[in-house]
J.: 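Below is a structure I'd like to ask you about.
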Amino acid sequence: MDRNPSPPTPSREDEDTEVAGGDCIGSTVYSKHWLFGVLSGLIQIVTPENTKSNSDDEEQVMELDEEMENEICKVWDMSMDQDVALFLQEFNAPDIFMGVLAKSKCPRLREICVGILGNMACFQEICVSLSNDKNLGQVLLHCLYDSDPPTLLETSRLLLTCLSQTEVASVWVERTREYPAIYDSICFIMSSSTNVDLLVKVGEVVDKLFDLDEKLMLEWIRNGAAPPLDQPKEDSEEQPVFKIVPCVLEAAKQVRSENPEGLDVYMHILQLLTTVDDGIQAIVQCPDTWKDTWNLLFDLVCHEFCQSDDPPIILQEQKTVLASVFSVLSAMYASQAEQEYLKVEKVDLPLIDSLIRVLENVEHCQKKPENSTESNTEETQKSDLTQEDFHLKILKDISCEFLSNILQALTKETVAQGLKEGQLSKQKCSCAFQNLLPFYNPVVEDFIKILHEVDKAFADDLEESFPSLKDAAY
């Protein structure tokens with residue numbers, strides 16, 4: 001059976017009713033009378049007479065009647081239509097769905113009701129109305145404690161839709177802050193779920209929350225720092241203490257091979273964490289967390305993304321995730337000077353190789369066709385800065401900053417090895433200099449001095465292409 005059967009086609013009797021009494025919902029062919037019948041059926045399901053049961057029955061999961069499931073699924077499908085969504089709102093259907101969510105133990109029915117509300121929330125006027133209903137908001141957030149993956153998926157979709165509406169986003173951020181258990185619920189999903197669709201949607205919710213509210217992000221970073229002071233020691237072993245970074249890493253590993261967009265989301269969450277000192281500390285303070293983070297990100301940039309046998313244009317697909325990964329690696333790399341146990345060995349040259357290859361591909365992607373007939377007026381140049389160009393520029397800036405940090409830390413031994421193995425060929429060094437100059441001029445000059453000490457002939461040859469650096473070695 002399909003998850004969402006097609007909407008009901010009007011019967012002959014329905015058509016006669018429509019002609020006689022205007023039974024259509026808005027400009028659609030959907031019947032008001034039919035919809036009233038389905039909603040009335042929902043009300044019957046959650047009436048006190050039908051919800052009374054003994055304690056044994058309450059523990060049993062209620063199965064949804066197949067006919068009722070088909071009918072309510074049709075409403076789910078219909079609710080994507082604005083006229084239907086507005087009619088449901090006018091008929092106070094959200095209150096009916098709220099009653100179902102508060103009383104029903106049927107996972108499938110709960111999933112469908114949240115799904116319908118999610119469709120309705122796609123329309124701004126309805127989204128504002130739903131968001132301003134405090135009771136409904138409370139019931140929906142409690143759905144994040146559900147154990148049913150499809151219900152969790154629809155709840156996350158609904159929450160993301162509301163968070164994406166500027167007018168009501170702050171309402172949902174505040175509500176999320178009011179329920180600390182949401183943190184544990186989301187961390188549990190990220191650390192244990194194998195449902196990729198759910199992990200991606202939950203990741204998008206976390207990413208949006210952190211992007212909207214730094215204070216909430218700080219609270220979640222600090223949540224796993226230590227067990228509550230008033231928690232007895234014997235209880236601390238039974239109650240897992242979730243830390244945000246390991247949970248994000250676990251989810252990233254799970255979605256890595258199956259959903260590139262999902263990996264992009266989780267890498268951006270890590271990047272947001274590094275925008276605050278507490279977030280960086282959450283990554284680098286624990287040796288295991290630092291190692292797990294570094295190994296995953298290092299493997300991505302050195303063995304998966306933008307490889308030597310990939311066409312340069314592949315960068316267009318990978319530019320945002322690469323920007324996030326390089327940004328986090330750069331923050332971690334800079335932290336090694338402050339942490340005694342952070343010993344990064346034999347990573348400089350592979351990272352330089354990856355960074356320079358990315359910069360070469362950025363240059364390739366930014367090239368305009370030679371036969372372009374576009375004018376070079378200021379107005380045209382401004383319009384040429386597309387979203388793709390913007391993301392490429394961000395990737396270039398992050399890559400240059402990271403590359404400059406690595407070059408500053410290179411020893412003569414590492415430079416000699418790089419010259420021998422080809423990571424520091426003339427072509428690659430030229431590409432690095434072209435991108436680093438003039439903003440990182442001191443870094444390039446210091447690197448040239450080391451090159452002179454290791455291989456004077458190579459340094460002199462390189463300087464021929466960059467006359468401004470000729471005095472750097474003297």
Side-chain angles (χ1 to χ4, degrees), residues 61 76 94 97-122 127 130-165 168-213 215-217 219-224 239-244 246-248 250-252 254-255 262 265-266 269 272:
V61 177
W76 189 0
F97 301 141
M98 181 169 62
V100 172
L101 295 172
K103 297 176 183 179
S104 175
K105 294 178 175 60
C106 174
R108 177 62 170 153
L109 182 57
R110 292 168 60 81
E111 173 203 358
I112 296 170
C113 287
V114 178
I116 294 172
L117 288 169
N119 283 350
M120 294 173 65
C122 292
C127 184
L130 295 176
S131 300
N132 289 333
D133 188 331
K134 189 173 182 180
N135 292 330
L136 179 60
Q138 181 179 352
V139 170
L140 288 172
L141 287 178
H142 271 102
C143 288
L144 288 173
Y145 311 148
D146 208 297
S147 59
D148 179 55
T151 302
L152 288 168
L153 176 60
E154 292 306 319
T155 304
S156 301
R157 184 175 74 91
L158 170 57
L159 185 54
L160 182 63
T161 299
C162 295
L163 287 169
S164 300
Q165 288 281 358
V168 296
S170 60
V171 174
W172 290 96
V173 170
E174 284 305 313
R175 281 187 185 143
T176 304
R177 185 180 282 114
E178 289 171 7
Y179 296 96
I182 290 176
Y183 167 82
D184 289 327
S185 235
I186 286 180
C187 282
F188 178 75
I189 293 169
M190 292 192 296
S191 62
S192 62
S193 179
T194 57
N195 186 316
V196 172
D197 291 336
L198 175 58
L199 287 172
V200 172
K201 196 58 64 177
V202 166
E204 290 175 338
V205 170
V206 174
D207 187 44
K208 193 68 176 178
L209 284 169
F210 285 2
D211 197 34
L212 286 169
D213 195 274
K215 289 182 180 179
L216 177 67
M217 181 172 71
E219 288 174 12
W220 282 24
I221 291 170
R222 295 164 184 165
N223 272 349
Q239 300 295 330
V241 178
F242 291 110
K243 296 184 179 181
I244 189 68
C247 294
V248 169
E250 191 58 41
Q254 192 67 42
V255 304
V265 168
Y266 280 101
I269 293 174
L272 287 173

J.: Given 3.5 Å as the limit, does a donor-acceptor pair link the side chain of Tyr183 with the main chain of Arg177, or not?
T.: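 Pair absent, no side-chain N/O of Tyr183 close to backbone of Arg177.
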
J.: Side chain to side chain contact (heavy atoms under 4.5 Å, CB included) between Tyr145 and Tyr179: does it pass, once the steps are laid out?
T.: CA-CA 11 Å; Tyr145 311 148; Tyr179 296 96; 3.6 Å; yes

J.: Taking the side chain as every heavy atom from C-beta outward, state whether Pro246 and Lys243 have any pair of such atoms under 4.5 Å apart.
T.: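 Touching, per the 4.5 Å side-chain cut-off.
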
J.: Would a 4.5 Å heavy-atom cut-off, applied to side chains only, mark Val114 and Phe97 as touching?
T.: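 SC-SC contact between Val114 and Phe97 ruled out.
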
J.: Specify the closest pair of heavy atoms between Pro94 and Met120, including all atoms of both residues, with the distance to one decimal.
T.: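 Shortest heavy-atom contact: CG-CE, 3.9 Å.
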
J.: Kindly give the heavy-atom pair with the smallest separation between Ile244 and Met190, and that separation in Å.
T.: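 For Ile244 and Met190, the tightest heavy-atom pair comes out as CD1-CE, 3.9 Å.
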
J.: Out of curiosity, Gln254 CD to Ser193 OG, how far, rounded to the nearest 0.5 Å?
T.: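 Here the interatomic distance stands at 7.5 Å.
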
J.: Just wondering, do Lys208 and Trp172 contact through their side chains at under 4.5 Å, heavy atoms?
T.: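 Side chain of Trp172 against side chain of Lys208, heavy atoms only: no contact under 4.5 Å found.
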
J.: Enter the distance from Cys247:SG to Ile269:CD1 here, rounded to the nearest 0.5 Å.
T.: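 One gets 11.0 Å once the value is rounded to the nearest 0.5 Å.
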
J.: Should Leu159 and Leu144 count as side-chain neighbours, where that means a heavy-atom distance under 4.5 Å?
T.: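 When only atoms from C-beta onward are counted, Leu144 and Leu159 do touch, with a gap below 4.5 Å.
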
J.: Rounded to the nearest 0.5 Å, how far does CE of Met98 lie from SG of Cys113?
T.: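 Separation between the atoms: 12.0 Å.
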
J.: Which pair of heavy atoms, one from Ser156 and one from Val205, lies closest together, and at what distance?
T.: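 Looks like O-CG2, 3.4 Å.
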
J.: How long is the span from the CG atom in Leu198 to the CD atom in Glu154, to the nearest 0.5 Å?
T.: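 Those atoms lie 10.5 Å apart.
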
J.: Please confirm whether the backbone N or O of Leu199 pairs with a side-chain atom of Tyr266, one donor and one acceptor, at under 3.5 Å?
T.: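 Between the backbone of Leu199 and the side chain of Tyr266 there is a qualifying donor-acceptor contact (under 3.5 Å).
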
J.: Is it true that Asp146 and Arg110 have a side-chain N and a carboxylate O under 4.0 angstrom from each other?
T.: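 Yes, charged N to carboxylate O under 4.0 Å.
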
J.: What are the two closest non-hydrogen atoms of Leu140 and Leu117, and how far apart are they?
T.: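 So the two residues come closest at CD2-CD1, 4.0 Å.
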
J.: Calculate, to the nearest 0.5 Å, the distance between atoms CD1 and CZ belonging to Ile189 and Phe242 respectively.
T.: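 That separation rounds to 10.0 Å.
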
J.: Kindly indicate, with the supporting measurements, whether the criterion side chain to side chain contact (heavy atoms under 4.5 Å, CB included) is fulfilled by Arg157 and Asn119.
T.: CA-CA 9 Å; Arg157 184 175 74 91; Asn119 283 350; 3.2 Å; yes

J.: For a 4.5 angstrom cut-off between non-hydrogen side-chain atoms, does Cys143 reach Leu101?
T.: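 Answer yes - side chains close enough.
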
J.: Test your reading of the model: is there a side-chain donor-acceptor pair from Arg175 to the backbone of Ser131, 3.5 Å cut-off?
T.: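 Present.
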
J.: Testing the basics here: between Pro107 and Thr151, what is the closest heavy-atom pair and its distance to 0.1 Å?
T.: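 Looking at all heavy atoms of both residues, the shortest contact is O-OG1, 3.4 Å.
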
J.: So do the side chains of Val206 and Trp220 get within less than 4.5 Å of each other, counting heavy atoms only?
T.: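 A side-chain contact exists here, since the closest heavy-atom pair is under 4.5 Å.
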
J.: For Leu163 and Ala169, work out which heavy atoms get closest and say how close.
T.: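 The pair with the smallest heavy-atom distance is O-CB, 3.4 Å.
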
J.: What distance separates Thr176 OG1 from Glu219 CD, expressed to the nearest 0.5 Å?
T.: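 The CD atom of Glu219 is 10.5 Å from OG1 of Thr176, to the nearest 0.5 Å.
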
